[in-house]
Amino acid sequence: MTASRHLDVSRLRSQLLAPVGPYAAIDVVERTGSTNADLRAAVAEGAPDRTVLIAEEQTAGAGRRGRGWVSPPGRGVYLSVLLRPAEVPMAALGSLAAVAGLALTDVTDALGVDAVLKWPNDVLAGAERAKCAGVLAEAVSSDEQAVVLGIGVNVLPLRDSRTGQTVRPGPGGLPATSLAEQHARTTDRTDVAALLLAALHERELPWRQARGDLAAAGLLDEYRERCATLGQQIRLEVAGAQSRLGTAVDVDPTGALVVDEEGKGRRTVFAADVIHLRSLPG
């Protein structure tokens, strides 16, 4: 099946909108700056738990540390989900990125695409392990606890609509790939969005019931299996600090990375950019 020109919001709603499905609202907009920013604003307006916003194009999509996420029109699935997980302590919200990563690899598995997770928020696909998808979870300050989860998936090869040239990754970005370039079973973007939202619900529900504890939710072992960062010699880059070298040895129940730094023992890392250097021999 080939990609349709526009996302079919009626089909998404018929499959996933309450009372048939788990989502309270699903909207598709032609163009916006950032779906995450739009839903952050919607928190203050009282938007309900499990509100979904999808954009055909984002002009100011954001990744970690304020980096841009390239979101050209009609090439991918760019969505955000507003969650109000009252059961999950604020300190445990960081594990939601791991939940989204598992949902994304559920989708790549269903589409026959070879993909792995790179801690903390990337999906790498193909033999060259190029970036196919990314995640950004942002807690929102409000009377009721809320978090906005942004996910971007490259469905078709990224090309600038004005020049036709392949879009280069932004600063610090990995080489890009897409589901189409990895021979996915479908590149229909509505199908991909539906698969992703269904998988996210299946993964997020036990996470919420386990109060954000990946191990108690039964998700931690799967995350470890799918995380290509584990067993790698890596360089950690933290804003405002000197980069550090070490070996990624584990992910804990909060989603934090455990790193063995030579001569300094093991440290738990909650937020950093990770550069894979090489795998250790088995």
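Hydrogens, waters and symmetry mates play no part in the numbers below; they use all other heavy atoms, side chains included.
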Check the pair Asp114 / Arg129 against side-chain contact (heavy atoms from CB on, under 4.5 Å), numbers first and verdict last.
-> CA-CA 9 Å; Asp114 173 32; Arg129 296 303 186 217; 3.1 Å; yes

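- Among the candidates Pro206, Pro253, Pro89, the single residue satisfying the side-chain contact (heavy atoms from CB on, under 4.5 Å) test with Asp213 is Pro253.
- Residues Trp119 and Val99 are members of one and the same hydrophobic cluster, defined by side-chain heavy-atom contacts under 4.5 angstrom among Ile, Leu, Val, Met, Phe, Trp and Tyr.
- Gln232 contributes no side-chain N or O that, together with a main-chain N or O of Thr247, makes up a donor-acceptor pair within less than 3.5 Å.
- Side-chain contact between Thr268 and Val259: absent, with no pair of heavy atoms (C-beta onward) separated by less than 4.5 Å.
- Hydrophobic clustering keeps Val140 apart from Leu93 (ILVMFWY residues linked when any side-chain heavy atoms are closer than 4.5 Å, directly or through intermediates).
- Here the closest non-hydrogen pair linking Val269 and Ala272 is CG1-CB, 3.7 Å.
- Within the 4.5 Å cutoff, the side chain of Ser80 has no heavy atoms near those of the Ile54 side chain.
- The closest side-chain heavy-atom distance from Val123 to Leu117 is below 4.5 Å.
- Leu82 and Tyr23 fall into different hydrophobic clusters, where Ile, Leu, Val, Met, Phe, Trp and Tyr are joined by side-chain heavy atoms under 4.5 Å apart, directly or via other members.
- The side-chain heavy atoms of Leu179 and Val192, taken from C-beta on, include a pair separated by under 4.5 Å.
- Annotation: side chain of Arg84 is not in contact with side chain of Val147 (no heavy-atom distance under 4.5 Å).
- In summary, the side chains of Glu181 and Ser178 do present a donor paired with an acceptor at a separation below 3.5 Å, with no hydrogens or angles considered.
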Any chance you could lay out the salt bridge (Lys or Arg N to Asp or Glu O under 4.0 Å) test for Arg75 and Glu57, step after step, and finish with the verdict?
-> CA-CA 8 Å; Arg75 313 304 294 181; Glu57 177 186 10; over 6 Å; no

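- Judged by distance alone, with hydrogens and angles left aside, the side-chain atoms of Ser95 form a donor-acceptor pair with the main-chain N or O of Gly212 at under 3.5 Å.
- Between Asn36 and Tyr78 there is no side-chain heavy-atom pair separated by less than 4.5 Å.
- Residue-environment remark: CZ (Arg224) exceeds the threshold of 12 foreign heavy atoms within 6.0 Å.
- By the 6.0 Å contact criterion, CZ on Arg266 is open, its count of non-hydrogen atoms from other residues, nucleotides or ligands being 12 or less.
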Given the rule in the side-chain contact (heavy atoms from CB on, under 4.5 Å) test, do Trp207 and Leu214 qualify, once you have shown the distances and angles that lead to the verdict?
-> CA-CA 6 Å; Trp207 170 83; Leu214 295 174; 4.1 Å; yes

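- Within the 4.5 Å cutoff, side-chain heavy atoms of Leu79 are placed close to those of Leu196.
- In this structure, a donor-acceptor pair under 3.5 Å is present between the side chains of Gln58 and Thr35.
- Not one N or O on the side chain of Arg244 forms a donor-acceptor pair closer than 3.5 Å with the backbone of Glu237.
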Stepwise salt bridge (Lys or Arg N to Asp or Glu O under 4.0 Å) check, Arg203 with Glu222 | CA-CA 11 Å; Arg203 294 295 190 173; Glu222 274 190 276; 2.8 Å; yes

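- No side-chain donor-acceptor contact under 3.5 Å links Thr187 to the backbone of Val155.
- Side-chain atoms of Glu56 do not come within 3.5 Å of backbone N or O of His6 as any donor-acceptor pair.
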Could you check Arg226 against Asp106 for salt bridge (Lys or Arg N to Asp or Glu O under 4.0 Å), going step by step and ending with a plain yes or no?
-> CA-CA 10 Å; Arg226 299 185 188 192; Asp106 290 341; 3.0 Å; yes

side-chain contact (heavy atoms from CB on, under 4.5 Å) between Val274 and Arg235, intermediate numbers included = CA-CA 6 Å; Val274 170; Arg235 184 171 72 247; over 6 Å; no

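- A salt bridge is defined here as a Lys NZ or Arg NE, NH1 or NH2 lying under 4.0 Å from an Asp or Glu carboxylate O, and Glu204 with Arg50 meets this definition.
- Leu195 and Leu17 fall within a single hydrophobic cluster, where Ile, Leu, Val, Met, Phe, Trp and Tyr side chains are chained together by heavy-atom contacts under 4.5 Å.
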Does the pair Glu87 and Arg211 meet the rule for a salt bridge (Lys or Arg N to Asp or Glu O under 4.0 Å), with working shown?
-> CA-CA 6 Å; Glu87 311 92 324; Arg211 296 172 54 82; over 6 Å; no

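- Residues Thr59 and Thr32 have side chains not in contact (no heavy-atom distance under 4.5 Å, counting atoms from C-beta outward).
- Looking at Thr177 and Gln182, their side chains do bring a donor and an acceptor atom within 3.5 Å of each other.
- Although no hydrogens or angles enter the test, the distance criterion places a donor-acceptor pair under 3.5 Å between the side chain of Arg13 and the main chain of Ile26.
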